[in-house]
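A short worksheet on the structure shown next.
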Amino acid sequence: MTQPPLVLVDGSSYLYRAFHALPPLHTSAGLPTGAVKGVLNMLLSLRRQYPDSPFAVVFDAKGPTFRDALFEHYKSHRPPMPDDLRVQIEPLHACVRALGLPLLCIEGVEADDVIGTLARSSAAADRPVVISTGDKDMAQLVDGHITLVNTMTGSVLDRAGVVEKFGVGPELIVDFLALMGDKVDNIPGVPGVGEKTALGLLQGLGGGLDTLYAHLEQVPGLPIRGAKSLPAKLEEHREMAYLSYQLATIKTDVALDLQLDQLHPGAADREALIPLYRELEFKNWLDELLRESKAAGEDGAADPAAPPTRYETLLEPAQFDAWLEKLKAAELFAFDTETTGLDAQQAELVGVSFAIAPFEAAYVPLAHSYMGVPEQLDREAVLAALRPLLEDPAKAKVGQHAKYDMNILARYGIEVRGVAFDTMLESYVLDSTATRHDMDSLALKYLGHSTIHFEDIAGKGAKQLTFDQIALEQAGPYAAEDADVTLRLHQCLWEKLEAVPSLARVLREIEMPLVPVLARIERHGALVDAKLLGQQSVELGEKMQQLERQAFELAGEEFNLASPKQLGAILYDKLGLPILSKTAKGQASTAESVLAELAEQGYPLPQVLMDYRSVSKLKSTYTDKLPEQINPRTGRIHTSYHQAVTATGRLSSSDPNLQNIPIRTAEGRRIRQAFVAPPGYKLVAADYSQIELRIMAHLARDEGLLDAFRHDRDVHRATAAEVFGVELEQVSHEQRRSAKAINFGLIYGMSAFGLAKQIGVERKQAQAYIDRYFARYPGVLAYMERTRAQAAEQGFVETLFGRRLYLPEIHAKNGALRKAAERTAINAPMQGSAADIIKRAMVTVDAWLQESGLDARMILQVHDELVLEVREDQVEALRAGLLPLMSGAADLDVPLLVEAGVGDNWDEAH
DNA sequence: CGGAGTACGTAC
DNA sequence: GACGTACGTACTCCGT
């Protein structure tokens, strides 16, 4: 029986390689962690591969080694270690130790030498050794017992592998390196001798340096590089060759006070690992650890004081009545619904849960249906009993993504009011850049608690159960925990919010009041003429076929027009068109701007492709898909508005996205004709005019820009007049177009390069325009500089209402990343303030609609536009109330102009 | 067959 | 590298 091999890991080499090979990753606080994660991943995979092996993870120690004493220039050409790498060393060491893996870090020698010593002594004792490294120099250690693996690439090098890879065996690797040198380590080698020459010498003689120098006369004497002959060179640099030999030789006799049996990995120290993983934000591993802790019966390491939970599943009327009393008495309670699916307009209610105090919660199953399910309380009776509480605006409640529960309960006749807090939104307002605001992530992040995941009790994939099929024994604790954790999260998050009054205010005054408004908009849905879209689909399909035929003819063969890869092959390989631009991954780009330029140059195929693309986009994304999204129950389309997605505070929309319905082209606008008012009603579309530029004028307090808006000038024309030095009346169409590009570019933090590309002038010219702009609008320049400075100083920027966007990358060493963060810093206050304003408007408009008794409702929000449906005889009354409410949603130094149109469909209403 | 990543295109 | 914020579709690659 063979022993498991000793596994020796070259930690420093992997850390370095992981740092450079893997995309940079950092915590929300900006601590870089990508290399740590990469190395740990690699170690875990090695551990799985060699579960019974002794193990050592070896790192270079700080300070000089014996090689520095041998040669002062050793490794001297290396640039200093990047800070982002340096700061990852300590956390990695800590993780390795906590994982129970023996870690070695020996001063005065390099990791290679420690590995060499351990490898040789183990091999001498006849134990196989696996060295995991990305460093080729280690090939010198390979022998019958010792093999190299590169765990990042999966390659394995035994003796034959070394010969195949280098052309010489392991015993000549040092000689090989000594002759050719090593740029990376600054091992000099023999000048003029490279890989080929070194190999030729060693292979020709069948020996190493000693043999070579003993038989220099046998080396062919032709002059090399027109200078000295090879033997002369070798002779001249004999000392250098032997010094290089010494430098390249891995020490195998380091004095280590260490026995092999000390290298057996111990158990992972979860108590140590949990805080490390929390700090480094390794969420999946943290979750796994917490689950293991729980399973092992350890008291949750992160929350040692956690009392046992008191969760009840209510099946008896008396139990329910007792809980009802508790809810009535509670100052604040958490609630949650369990349903059969994720679509709030379709899913059915299965149960409800409540929490009144931390760790104290109840689940009321109402509609579980599986073989042997116990008798449940009557759904109608339970809901009737709960209704007064749930509908009472004075009865404070907290939910997690409460809009979902509100929409579910609305279909059971309960109009939930008084949702004072929503943990998803609390998390979002605290940090909009956090990627996830779902309860499981928040519990892990803020409570250090690993929740029961839905997949744990429902399974996954095709055989995933719906909640009504889940046994009460599992459903009860899961559902009760949802309410409990929501309450506990709220206590934690609200405290953090209250510490920043402006953020608490954003939550209280903007986000929370918006929740029921969005719920109503989603519930009403938008009416869409499916028949019209169907006709358009047919027409578009015919057009696509025509264009496809044309494209095939021009290409000389058939191919998939929707495949950028195949298209690239036709355009660039077959037809030989010039490659004007490449994608991020190096493919020749076929993007619209590229095709447009090629079409401009007179090639016929690109124009056909552009036409095809636009037609197929309209068909596949809109005319084909929108009718499929009509809810059969209501006959309308119910989008979801997401309130905790964008970094800036905007809403987003999905399933379907109704915020990117085409408008720019005539063809595209036909889709808007399918968004219709029902008979007897009209659509009113009201949009803020130039809201972001107005906000910029306000924030920048720029007199010129303020003046333009106060006099209700066409701002692009005014900008053109300033930048091009002409009278307002003399501004040409082209000048206005360029000025518009400048104005938009400013909002987005655009550079001269970008502006030049956009308006088709030289970069120098674009820079001149920008310079002129800033000369005419100095307040804007000052504002941009202020914003960058604020971002750098505070690490965040703010909207008018104090909403924050954190920008950790504002301090990035990487110039591109930092510049991108600066552009975001410029853009976010404007985009985010506009979002705040329309959200405030939606809240007041909704309240007014409720109290006015008008037969009107909001249907859509598209960032700077609200679309409403109103009975046709009330259009004017609606406009009269709506416009001032929207205009008055913020008090700026410029008027907030709102323009409204009316029509039978969305296109007409513009 | 489905998830992840890429390329592209629509909106503001 | 070069213009901010989103979401959806189709393709492609890869693993089950």
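The chains referred to below are lettered A, B, ... by the order of the sequence lines, with proteins before strands, and numbering in each begins at 1.
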Proximity to the side chain of N657(A) - top-ranked nucleotide from dG8(C), dC13(C), dA2(C): dG8(C)
So which nucleotide from dA6(C), dC8(B), dA2(C) ends up closest to the side chain of F753(A)? dA2(C)
Rounded to the nearest angstrom, tell me the gap between atom NZ in K757(A) and atom P in dG1(C). 12 Å
Length of the OH-C1' vector between Y641(A) and dC7(C), whole Å: 13 Å
Using whole Å, what does the distance between atom C1' of nucleotide dG4(C) and atom CE of M696(A) come to? 13 Å
Could you tell me how far dG1(C) sits from dA7(B) if I compare only their P atoms? Round to whole Å. 14 Å
Look at the aromatic rings of F675(A) and W906(A) and report parallel, tilted or perpendicular, splitting at 30° and 60°. perpendicular
Ignoring the backbone of Y748(A), work out which of dA10(C), dT12(C), dG4(C) is nearest its side chain. dG4(C)
Would you say a side-chain N or O of T824(A) is under 4.0 Å from OP1 or OP2 of dG4(C)? no
Out of dA10(C), dC3(C), dT10(B), whichever nucleotide has its closest atom nearest the side chain of K625(A): dA10(C)
For the side chain to side chain contact (heavy atoms under 4.5 Å, CB included) test, which of V528(A), I859(A), I630(A) pairs with R636(A)? I859(A)
Options dC12(B), dA10(C), dT10(B), nucleotide nearest the side-chain atoms of R672(A): dC12(B)
Check whether any side-chain N or O of R823(A) sits under 4.0 Å from OP1 or OP2 of dC3(C), and answer yes or no. no
When you check the side-chain N and O atoms of D771(A) and Q767(A), is any donor under 3.5 Å from an acceptor? yes
So, does T583(A) get its side chain near the phosphate of dA7(B), meaning an N or O under 4.0 Å from OP1 or OP2? yes
Roughly, in whole Å, what's the span from NZ in K460(A) to C1' in dT16(C)? 11 Å
Determine whether a donor-acceptor pair (one donor, one acceptor, N or O, separation below 3.5 Å) exists between the side chain of K617(A) and the base of dG9(B). yes
Over all heavy atoms of both residues, which pair between P578(A) and Y603(A) is shortest? Give the atoms and the distance, please. CD-OH, 3.4 Å
Under 4.0 angstrom, heavy atoms only, what part of the nucleic acid is A834(A) near: base, sugar-phosphate, or nothing? nothing
Taking the minimum atom-to-atom distance to the side chain of T646(A), which one of dA6(C), dG4(C), dT12(C) wins? dA6(C)
From the candidates dG8(C), dA11(B), dA2(C), the one with an atom nearest any side-chain atom of D655(A) is dG8(C)
In whole angstroms, the gap separating C1' of dA6(C) from CZ of R650(A) amounts to 7 Å
Looking at R823(A) and E809(A), does any basic side-chain N land under 4.0 Å from a carboxylate oxygen? no
When you measure from the side-chain N and O atoms of S563(A) to the phosphate of dT12(C), is any distance below 4.0 Å, counting only OP1 and OP2? yes
In Watson-Crick or G-U wobble terms, both distances under 3.5 Å, what is the partner of dC11(C)? dG5(B)
To the nearest Å, how far apart are M750(A) CE and dA2(C) C1'? 10 Å
Please check the phosphate of dT5(C) (OP1 and OP2 only) for any side-chain N or O of Q659(A) closer than 4.0 Å. no
Within less than 4.0 Å of OP1 or OP2 of dC8(B), is there a side-chain N or O belonging to S589(A)? yes
Pairing of D611(A) and K543(A) as salt bridge, 4.0 angstrom limit: no
Whole-Å distance separating the CD1 atom of I695(A) from the P atom of dT5(C): 16 Å
Side-chain N or O of R664(A) versus OP1/OP2 of dA11(B): is the shortest distance under 4.0 Å? yes
Is S751(A) near enough to dC3(C) that one of its side-chain N or O atoms lies under 4.0 angstrom from OP1 or OP2? yes
Taking dA6(C), dC8(B), dT10(B) as options, the one with an atom nearest any side-chain atom of S652(A) is dA6(C)
Measure from the side chain of N660(A), starting at C-beta and using heavy atoms only, and say which of dA11(B), dG1(C), dA7(B) lies closest. dA11(B)
For dC13(C), take OP1 and OP2 only and decide whether either is under 4.0 Å from a side-chain N or O of K565(A). yes
Considering every strand and a 4.0 Å limit on heavy-atom distances, what is the contact class for S616(A): base, sugar-phosphate, or nothing? nothing
Separation of L866(A) atom CG from dC12(B) atom C1', in whole Å? 13 Å
Do N407(A) and E522(A) get their side chains close enough for a donor-acceptor pair, meaning under 3.5 Å? yes
Of all the choices, dT10(B), dA6(C), dC12(B), which nucleotide is nearest to the side chain of D864(A) once you look at every atom? dC12(B)
